[in-house]
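Worksheet: one structure, shown below.
Please read all numbers here as calculations on a predicted model, not as lab measurements. Side-chain atoms are counted along with the backbone in the values below, which use heavy atoms only and exclude waters and symmetry mates. Naming: A, B, ... by sequence-line order, numbering from 1 per chain.
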Number of protein chains: 2
Amino acid sequence: MPKPVVPEEKRRRRRPTRSGTVLSERLIVDTALRMLREHGSAGLTARRLGLALDCDPSTLYRYFRGMDDLTLAIGDALIGRALRGWRRTGQWRADLRALGLRIHAAYVAHPQAALLTANRVTGRAHELAADEAVLDILRTAGFPLADTVRVYQAFIDQTLAFAALDAASLALPSDSLRADEAKWSSTYARLPAATHPRIAEAAPLLATRMLTSAYPAALDLLLDSAAHQLSAGPEAG
Amino acid sequence: MPKPVVPEEKRRRRRPTRSGTVLSERLIVDTALRMLREHGSAGLTARRLGLALDCDPSTLYRYFRGMDDLTLAIGDALIGRALRGWRRTGQWRADLRALGLRIHAAYVAHPQAALLTANRVTGRAHELAADEAVLDILRTAGFPLADTVRVYQAFIDQTLAFAALDAASLALPSDSLRADEAKWSSTYARLPAATHPRIAEAAPLLATRMLTSAYPAALDLLLDSAAHQLSAGPEAG
DNA sequence: CTCTTATGCCAACGCCATTGACCTTACGCG
DNA sequence: CGCGTAAGGTCAATGGCGTTGGCATAAGAG
């Protein structure tokens, strides 16, 4: 029988750890984010997190059901950061564009964390708020329900998909040991033109890729398509 | 000093394992793919793989430098399957479209494997072949080198990004323990309309989402944009 | 002030990847 | 055909991991 986890808002007794620090969901998640940045996405372990927080690893289980639960909380924190300070203008297209870029940016700002969380459904507060916001923007703009759901799906999927991919290339260099990045200069650049002529001729340009994300362009394409859908039949089923 | 790994094509002595089976890179990767499908993306461990192959886990290190190296090989196998039997027609747009759909399909056919490998650069044979093919299609179509690299990047990124995302939703249900999927019916569906009116009204439609990928639509948008680029200035810098 | 119980701590379990030493047998060579 | 070598399978051990049940203690309700 696993220990029950007390939800953050129900916590009454705040007992300091042996070393005096007072734990909280917030503190744990923030510390985890810092550790992810510093030690890479494989560097987040219960033991190390306990070390960083000056508490026993098992104490974390009073706050999260397990490391997976903590992972979801980290993901939700990223979305929370994306939404912080965001205001709607009332122009659906501009609003969606800004929201997409914000979410993408929030993930890319924490690449190692993004890798862990980008393809998870957290069901937590901030994620719900983001979903609600996207749906409301579309409905208010006049999209029928069915179209709203379609555009919503494409929007969210595309945003998270690019976030994960862009995060992956950013996360790798500092991700301790391996160097997939180096393969671009090692493997790719020294391929013989005889067997791979197209890679050979493009190698110099390929090496400098990954510096700019294709997401903004893809996002604009998606919004174009949505706008076209809207003007075609705003009130149709 | 880690043990040296003999590349597959250099192997001379094929010594059967204690139980009589003869190992090979191919056999190991195929078995790993089967295990991934059956036990989920966390179910692939050296010990279990050894069990399935009737060999000591440490034997695997004669074929791969570590589990990570094996992971890359698995990813390359997926690309290999995508390319198998593929033929070019000479029409760049149709060829790229078919190639994208094939790669996407190959990943989605092995969701658990896709999750592990979609955002890794393997630098192995099949991946190189795919890159070469994409680049050649674009160059042959008349795209200048710079445009070729841009379109190539967007094409690959988008394909892998959607593959990873679509794989994620497919992988979860069977992925042993957790049920993020269930959150769509549990958390989302029972949200009060007071706090999340838009989610509430869309809940029935949202529950049936994830059944169809947004990738084909996104791919067409990308190809549209490329075609426009091409017709605008085929021979310009 | 007392009592309860939330919450931090400890020790232990079973799993994991990886390694170095060992051993056996397939193969290249004469 | 038979020998020597080293490729490649096996064993045992190491250190790290997540997670759990029991215990101790102090925070806060009354």
For this session: Measure the distance from NZ on K10(A) to C1' on dT5(C) and round it to the nearest whole Å.
Result: 17 Å
For this session: Nearest whole angstrom, please: distance from the P of dC17(D) to the CE of M67(B).
Result: 18 Å
Seminar exercise, completed: Looking only at dG9(D), dC10(C), dT7(C), the nucleotide nearest the R11(A) side chain is dT7(C)
For this session: Test L36(A) against I74(A) for side chain to side chain contact (heavy atoms under 4.5 Å, CB included), laying out the working first.
Result: CA-CA 10 Å; L36(A) 280 171; I74(A) 291 172; 4.2 Å; yes
Seminar exercise, completed: Here the distance between atom P of dG8(D) and atom OH of Y63(B), to the nearest Å, is 6 Å
Problem set entry | Residue list, side-chain hydrogen bond (donor to acceptor under 3.5 Å, both in side chains) with T117(B), at least two apart or on another chain | none
Exercise. Between D68(A) (CG) and dG18(D) (C1'), how many Å, whole number?
Worked result: 12 Å
For this session: Kindly write out the residues that satisfy salt bridge (charged side-chain N to carboxylate O under 4.0 Å, His left out) with R150(B), not counting sequence neighbours, or none if the list is empty.
Result: D147(B)
For this session: Name the orientation class of the two ring planes belonging to Y215(A) and H104(A) (parallel below 30°, tilted from 30 to 60°, perpendicular beyond 60°).
Result: parallel
For this session: Please report, rounded to the nearest Å, how far the P atom of dC11(D) is from the CZ atom of R62(B).
Result: 14 Å
Problem set entry | With R11(B) via salt bridge (charged side-chain N to carboxylate O under 4.0 Å, His left out) - residues at least two apart | E8(B)
For this session: Can you tell me the distance, in whole Å, between the CG atom of L51(A) and the C1' atom of dG8(C)?
Result: 16 Å
For this session: Describe, as an angle rounded to 10 degrees, how the axis at the first end of the helix from dC1(C)-dG30(D) to dG30(C)-dC1(D) is tilted relative to the axis at the last end, five pairs per end.
Result: 20°
Problem set entry | Shortest non-hydrogen separation from F162(B) to D157(A) and the atoms involved | CE2-CB, 4.2 Å
Exercise. If you look at every strand shown and take non-hydrogen atoms under 4.0 Å, does F64(B) touch a base, only sugar-phosphate, or nothing?
Worked result: nothing
Seminar exercise, completed: Closest to the side chain of Y61(B), out of dT18(C), dT10(D), dG21(D), is dT18(C)
For this session: Identify the residue among L160(A), L219(A), I137(A) that makes a side-chain contact (heavy atoms from CB on, under 4.5 Å) with F155(A).
Result: L219(A)
Identify each atom pair where a protein N or O and an N or O of nucleotides 13-16 of chain C are less than 3.5 Å apart, giving names and distance.
residue, atom, partner, partner atom, Å
dC16(C), OP1, T45(B), OG1, 3.4

For this session: With sequence neighbours excluded, give me every salt bridge (charged side-chain N to carboxylate O under 4.0 Å, His left out) pair touching residues 20-31 of chain B.
Result: E25(B)-R124(B), R26(B)-D30(B), D30(B)-R81(B)
Seminar exercise, completed: Residue set satisfying salt bridge (charged side-chain N to carboxylate O under 4.0 Å, His left out) with E132(B), at least two apart, ordered chain then number -> none
Problem set entry | Closest non-hydrogen atom pair between P111(A) and A167(A), with its separation | CB-O, 3.5 Å
Exercise. To the side chain of D56(B), which of dT10(D), dA27(D), dT19(D) is closest?
Worked result: dT10(D)
Considering only distance and modelled atom types, tabulate donor-acceptor pairs under 3.5 Å from the side chains of residues 47-58 of chain A, sequence neighbours left out.
residue, atom, partner, partner atom, Å
R48(A), NE, G43(A), O, 3.1
D56(A), OD2, S58(A), N, 2.9
D56(A), OD2, S58(A), OG, 2.6

Exercise. Excluding sequence neighbours, so at least two apart, what forms side-chain contact (heavy atoms from CB on, under 4.5 Å) with A129(B)?
Worked result: L83(B)
For this session: Output the single nucleotide from dA27(D), dG8(C), dC11(D) whose closest atom is nearest the side chain of T59(A).
Result: dG8(C)
For this session: Grab the CG-P distance between L116(A) and dG18(D) for me, whole Å please.
Result: 12 Å
Problem set entry | CA sep, side-chain torsions, deciding dist, call: Y152(B), D131(B), side chain to side chain donor-acceptor pair (under 3.5 Å) | CA-CA 8 Å; Y152(B) 158 86; D131(B) 292 342; 3.2 Å; yes
Dump the pairs, protein N or O against N or O of nucleotides 28-30 of chain D, anything under 3.5 Å, distances to one decimal.
residue, atom, partner, partner atom, Å
dG28(D), OP1, R12(A), O, 3.0
dG28(D), OP1, R14(A), N, 3.4

Exercise. Excluding sequence neighbours, so at least two apart, what forms salt bridge (charged side-chain N to carboxylate O under 4.0 Å, His left out) with D136(B)?
Worked result: R198(A), R88(B)
Problem set entry | Spacing between L53(B) atom CG and dG8(D) atom P, to the nearest angstrom | 16 Å
Exercise. For residues 17-28 of chain B, which residues have at least one heavy atom under 4.0 Å from DNA chain D?
Worked result: T17(B), R18(B)
